[in-house]
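Just so it is clear, the structure is predicted and the values come from calculations on it, not from any experiment.
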Amino acid sequence: VQLQACGGGLVQAGGSLRLSCAASGRIFSSSVMGWFRQAPGKEREFVAAIRWGVGIASYADSVKGRFTISRDKAKNTVYLQMNSLKPEDTAGYYCAKGSFVSSSSMQYNYWGQGTQVTVSS
């Protein structure tokens with residue numbers, strides 16, 4: 001499985017962006033797709049994840065109510081809609097594929113290349 005993320009950019013605080021992550025190869029219903037982010041000098045942190053088959057989502061507390069993860073099975077693509085962006089959301093955003101929902105990056109086997117999100121104040 002290869003993951004290709006895109007959609008990052010520069011946005012003002014309070015603005016919105018939608019990230020996309022297209023997957024090549026089959027994604028089984030039991031799979032989980034997640035988004036993580038990593039700011040310079042910080043560890044990679046969990047943002048959101050979605051169970052591919054049933055579409056149930058999980059979020060980090062820091063983004064709950066502002067970000068929405070979704071998936072389009074027909075397009076083999078997972079999205080991250082980010083609203084009310086804050087400067088502290090600035091980071092490289094990475095999509096990942098795993099076998100179960102986890103906030104630990106170690107539980108995800110496949111990773112995209114990342115897309116940069118910069119939020120100006």
ask   = When you measure from the side chain of T115 to the backbone N and O of G8, does any donor-acceptor pair fall under 3.5 Å?
value = yes

inquiry  = Does any part of the side chain of L80, heavy atoms only, come nearer than 4.5 Å to the side chain of R37, both counted from C-beta?
reply    = no

Atom NZ of K73 with >12 non-hydrogen neighbours under 6.0 angstrom = yes

ask   = Between the main-chain N or O of G53 and the side-chain N or O of R71, is there a donor-acceptor pair closer than 3.5 Å?
value = yes

inquiry  = Tell me the closest heavy-atom pair linking V78 and W52, and the distance in Å.
reply    = CB-CZ3, 4.4 Å

query = W35 and W111: same hydrophobic cluster, using ILVMFWY side-chain contacts below 4.5 Å?
reply = no

inquiry  = Y108: which residues meet the ring-ring contact (aromatic ring centres under 6.0 Å, His included) condition with it, sequence neighbours left out?
reply    = F36

ask   = Is any side-chain heavy atom of K86 less than 4.5 Å from a side-chain heavy atom of V119?
value = no

ask   = Just wondering, do M82 and V11 contact through their side chains at under 4.5 Å, heavy atoms?
value = no

message = Please find the pair of heavy atoms, one from S16 and one from Q81, that lie closest to each other, and give the distance.
response = CB-NE2, 3.9 Å

remark   = Residues L3 and A23: closest non-hydrogen pair is CD2-CB, 3.5 Å

message = Using only atom types and a distance under 3.5 Å, with no angle test, would you say the side chain of Q113 pairs donor to acceptor with the backbone of A5?
response = yes

key: Check: Q2 main-chain N/O paired with S24 side-chain donor or acceptor under 3.5 Å   = yes

query = Which atom pair, heavy atoms only, marks the closest approach of I69 to A57?
reply = CG2-CB, 3.5 Å

inquiry  = Counting only heavy atoms from other residues, nucleotides and ligands, does the tally under 6.0 Å from CZ of R51 exceed 12?
reply    = no

inquiry  = Under 4.5 Å side-chain heavy-atom separation, chaining through any Ile, Leu, Val, Met, Phe, Trp or Tyr, what else clusters with L10? Say none if it is isolated.
reply    = none

task = Side-chain contact test, heavy atoms from C-beta onward, threshold under 4.5 Å: evaluate it for I27 versus M33 and give yes or no.
result = yes

request  = Give the minimum heavy-atom separation between V32 and A49, together with the two atoms involved.
outcome  = CG1-CB, 3.9 Å

ask   = What are the two closest heavy atoms between S84 and R66, and how far apart are they?
value = O-NH1, 2.9 Å

query = Taking only residues at least two apart or on different chains, which pairs with a member in residues 78-106 satisfy ring-ring contact (aromatic ring centres under 6.0 Å, His included)?
reply = none

